[in-house]
Every structure is written in structure tokens, then in C-alpha cells.
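One structure is given here, and the rest of the page talks about it.
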Protein chains: 2
Amino acid sequence: MSNNQFKRGELYSVINGMATTAVARRLQKNYRTAGLEITIEQWSVLYHLWKEDELSQQELGIRTFRDKASITRLIDNLEKLGLVTRVASTTDRRINKVCLTDAAKPLQQITYELANQTMNEALQNISKEEIETVKNVLQRVYDNLTHPNLI
Amino acid sequence: MSNNQFKRGELYSVINGMATTAVARRLQKNYRTAGLEITIEQWSVLYHLWKEDELSQQELGIRTFRDKASITRLIDNLEKLGLVTRVASTTDRRINKVCLTDAAKPLQQITYELANQTMNEALQNISKEEIETVKNVLQRVYDNLTHPNLI
DNA sequence: TTGAATTAGTTGCATAACTAACTATATGTC
DNA sequence: GACATATAGTTAGTTATGCAACTAATTCAA
């Protein structure tokens, strides 16, 4: 029943996800150093809007792995910063489409560059095969916990 | 210079660490379901104290990857719950030793079991070799960002 | 078509995160 | 011994997170 793949002493460091935390922290620092006054959480929303604008808050929650309350507050703050606006959908009045403003445009290029640069720092001396394995395993862990498993 | 190991579209899902977030969320849920009124953050502190009691706040910060302000609040809350006490060090009066109380003892066994059970859910169908690779890569990512690199 | 169930979003409450500025104690150097 | 520096911890301010309860709009079914 228990396959105990972890020694007890290692349990927490895995659950904690120290590495991804460190990456997020470094990226935040790099944004700040470059004079960008946005948080990485705000950036994560912009990132998805740059890929596809006018997403609903619901959809943004799914794509960024957040609940809808968190999205509500993130959009509140992005609106205060003048980077997005909420536009009520004409076909379904429950839905807010979240739309990028012109003020958000200049951020796209510089934040992508800083994010790529940060990933390059983080991934120094790590092979493509290793990265593929990590991505694949993390996805399966995520799926294990979010899709009911019928084994 | 840029080795761009990530396609742009994949950047965020990696930085976000969705899998570790999902594991933490599931563990929190399992604690709640079992009637345990502690957060996983609080548990992470208890976890290290069970391994070695009477650690300083500083040391707890290092072992749980948190800054000292965060540790101050976590210990505040654990003290309110009656699970730990702060005891001033006799040899260095700047230091608080954080000590487990008797009330914390009964939590050790049950939280370990739930954590192990959660990890087993999360790691279904993932091989030991894959787990080793992930742990190894995440550690190297962490080291890349925290130790100055002289290449 | 009316009433139940579902969906999208907001709000209140509690916890937690980071930065920066602060206090207090300890250390090290002249 | 005295002053500069470093270390341990606290506090204030802002942002973010999750859950649960709520409103409003939509859909489904009798």
C-alpha cells in the first residue's frame, strides 16, 4: 500500500518546491532592478493575456492555477495600475472580459527578456533531457492530484 | 549567450511550479479533512522541530526557505496555538530558541502519515529514477540562483 | 414559464509572503 | 574601553492566497 518513495527527512523539501520559489523570487528581483513595478503574479496574468487577449476571469484562473477570488484581486490591482480593464461580455452578462490597455504593451518585450534571462540563470548546466523529465514529472504530479484516478 | 531552453509558451508553467503548489494544496486539504487545524506552513516548521528541537528562528528560516519576518509571524501563530514556545538563549540573548510543547507531540504521527499518504497520491506511477532526477535538478536550480556563480 | 441548479464574479476573514526600517545584543578592531 | 559592524528578531506596509458565503445572470427541466 505505502510505497514510501521518500525518506522522511526529504519529504518537506520536495513539497516545498524550493526551486520554483527561488526562480519566482529571482524574477521578481530582476523586474524590480529593471524598474518594473509589477509583481510576478501580475505578470503571470499579463503573460496569458499577451498570448490571448480578452480572456474571462474564470479562464485566467484556470490558466494561472488560481481560484477566482485570487483572480478578482489580481485584476483589481492590474486595473489600478492601468494595465487592464474589465469589459462586460455582451453575450453573457456574468462574464468580464479582461482587456489589455495600451499601457501594458511596452511591458511585453522587456518582461519576456527578463524572464528568459532568469530562466537561463536558473537552468545553467542543466541538460535538455533533464528539463524534459522535470516538466513531464511535474505535469504528471499535477494530473495525479487534479484528475480523479480510477486505478 | 541565450540558450533559450524553453519555448515562450511554456515559460510560465515552469516558473509557477504548478505541481508543488498542487501538492501543498492537497496536503492542506487532507489536514483539514482529518480535523487538523494547522496550515502546511505551520506544519513545515513543526516538521523541522521534530527532527531537531530548540532551533533558533534564524535556523528555521534557513531550513524552511523563509525570511526572518515570515518566521516571526509563523512562530507567533504557533505560539497562539500553544504548539511552541520561545525561550531566550542563555548564552546569546539575541536568540530565541523555539521549543515544542507537549501539545505538539500528538500531531507528529498523524501529520507524517497524512504527508506520506499525500506524497503517494502525488507520485503514483512515477519511478524512483524520475523522482531522483527531479530532486537533483530542483536542487541545482536552487543552487544556481542562491550561490554566486563564477563561470 | 416558473423554479432549481449552475456559473461568473465579489467580498469578508484569516494566513502568509517580501521589503525595508527598526531595536537590541554581540563581536571585532583600534 | 569605545566605536563600527554584524547578527537576531520585530514591526509596518503592501500584495497574495484559500475558503466560504454571497449576488447576479444563465440554463435546464418539469
Side-chain angles (χ1 to χ4, degrees), chain A residues 16-18 20-33 36-45 54-62 64-81 83-98, chain B residues 16-18 20-33 36-45 54-62 64-81 83-98:
Chain A
N16 180 264
M18 59 178 185
T20 48
T21 302
V23 175
R25 226 177 269 176
R26 170 63 59 94
L27 183 55
Q28 178 72 76
K29 194 173 158 192
N30 287 349
Y31 281 175
R32 182 170 302 224
T33 304
L36 298 173
E37 293 299 322
I38 59 170
T39 66
I40 50 160
E41 291 83 3
Q42 292 166 358
W43 172 73
S44 76
V45 171
E54 307 193 2
L55 294 171
S56 68
Q57 297 188 194
Q58 189 72 14
E59 186 56 34
L60 280 170
I62 292 166
T64 64
F65 309 104
R66 291 186 172 86
D67 76 352
K68 48 193 187 167
S70 296
I71 292 294
T72 294
R73 264 87 171 214
L74 275 175
I75 303 300
D76 286 348
N77 286 331
L78 284 167
E79 249 186 346
K80 274 187 222 154
L81 291 170
L83 298 174
V84 304
T85 52
R86 285 173 164 100
V87 178
S89 163
T90 49
T91 55
D92 184 338
R93 284 167 35 212
R94 292 171 302 182
I95 295 176
N96 288 338
K97 291 187 296 182
V98 181
Chain B
N16 181 264
M18 59 179 185
T20 49
T21 302
V23 176
R25 226 178 270 175
R26 169 64 60 95
L27 183 55
Q28 178 73 74
K29 194 174 158 191
N30 287 348
Y31 281 175
R32 181 170 304 226
T33 304
L36 299 173
E37 292 300 322
I38 59 170
T39 66
I40 49 160
E41 291 83 3
Q42 291 165 359
W43 172 73
S44 76
V45 171
E54 307 193 3
L55 293 172
S56 69
Q57 297 189 196
Q58 189 71 16
E59 187 56 34
L60 281 170
I62 292 166
T64 65
F65 309 104
R66 290 185 174 86
D67 73 354
K68 49 193 186 167
S70 297
I71 292 294
T72 294
R73 260 72 170 232
L74 274 176
I75 303 300
D76 286 348
N77 286 332
L78 284 167
E79 249 186 348
K80 274 187 222 156
L81 292 170
L83 299 174
V84 304
T85 52
R86 286 175 164 99
V87 177
S89 162
T90 49
T91 55
D92 184 338
R93 285 171 31 215
R94 292 171 303 182
I95 295 176
N96 288 337
K97 289 187 296 182
V98 181

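Every chain is numbered from 1 and lettered A, B, ... according to where its sequence line falls, protein lines coming before strand lines.
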By the 4.0 Å heavy-atom rule, please label [X] as base, sugar-phosphate, or nothing.
{"X": "B/Ile71", "result": "nothing"}
{"X": "A/Asp76", "result": "nothing"}
{"X": "A/Gln42", "result": "sugar-phosphate"}
{"X": "A/Asp67", "result": "base"}

Phosphate contact ([N] OP1 or OP2) by [X] side-chain N/O below 4.0 Å:
{"X": "A/Gln57", "N": "C/dA8", "answer": "no"}
{"X": "A/Arg73", "N": "D/dA16", "answer": "no"}
{"X": "B/Thr72", "N": "D/dT10", "answer": "yes"}
{"X": "B/Arg25", "N": "D/dG18", "answer": "yes"}
{"X": "A/Arg66", "N": "D/dG18", "answer": "no"}
{"X": "B/Asn96", "N": "D/dT10", "answer": "yes"}
{"X": "B/Thr39", "N": "C/dA16", "answer": "yes"}
{"X": "B/Arg86", "N": "D/dT10", "answer": "yes"}

Euclidean distance, atom [atom1] of residue [X] to atom [atom2] of [N] [Å, nearest integer]:
{"X": "A/Glu59", "N": "C/dG9", "atom1": "CD", "atom2": "P", "value": "10 Å"}
{"X": "A/Tyr31", "N": "C/dC18", "atom1": "OH", "atom2": "C1'", "value": "17 Å"}
{"X": "B/Phe65", "N": "C/dC18", "atom1": "CZ", "atom2": "C1'", "value": "17 Å"}
{"X": "A/Gln28", "N": "D/dA16", "atom1": "CD", "atom2": "C1'", "value": "11 Å"}
{"X": "B/Ile62", "N": "D/dA8", "atom1": "CD1", "atom2": "C1'", "value": "11 Å"}
{"X": "B/Glu79", "N": "C/dT15", "atom1": "CD", "atom2": "C1'", "value": "17 Å"}
{"X": "A/Lys29", "N": "C/dA20", "atom1": "NZ", "atom2": "P", "value": "10 Å"}
{"X": "B/Lys68", "N": "C/dT25", "atom1": "NZ", "atom2": "P", "value": "15 Å"}

Ion pair A/Lys97/A/Asp92, N-O distance below 4.0 Å: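 A/Asp92 and A/Lys97: not salt-bridged.
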
Heavy atoms from C-beta onward define the side chain here; which of [options] lies closest to that of [X]?
{"X": "B/Ala69", "options": "C/dA17, D/dA12, C/dT11", "value": "D/dA12"}
{"X": "A/Glu41", "options": "C/dT25, C/dT15, D/dA16", "value": "D/dA16"}
{"X": "B/Arg94", "options": "D/dT26, C/dA8, D/dA8", "value": "D/dA8"}
{"X": "B/Ser70", "options": "D/dT26, D/dA6, C/dA17", "value": "C/dA17"}

- Query: Relative to the 5' end of DNA chain C, which residue comes earlier, A/Ser56 or B/Asp92, by the nucleotide with the nearest heavy atom?
  - Reply: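 This one resolves to A/Ser56.
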
So, the side chain of [X] versus the backbone of [Y]: is there a donor-acceptor pair under 3.5 Å, distance only?
{"X": "B/Gln57", "Y": "B/Asn96", "result": "no"}
{"X": "B/Gln28", "Y": "B/Ile38", "result": "yes"}
{"X": "A/Glu59", "Y": "A/Ser56", "result": "no"}

Which residue lies toward the 5' end of DNA chain D, A/Leu74 or B/Arg32, if each is placed at its nearest nucleotide?
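It is A/Leu74, whose closest nucleotide lies nearer the 5' terminus.
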
How long is the gap from CG on A/Leu78 to CD on A/Glu41, to the nearest 0.5 Å?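 Result: 10.5 Å between the selected atoms.
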
May I have the step-by-step check of salt bridge (charged side-chain N to carboxylate O under 4.0 Å, His left out) for A/Asp67 and A/Arg73, ending in yes or no? CA-CA 11 Å; A/Asp67 76 352; A/Arg73 264 87 171 214; over 6 Å; no

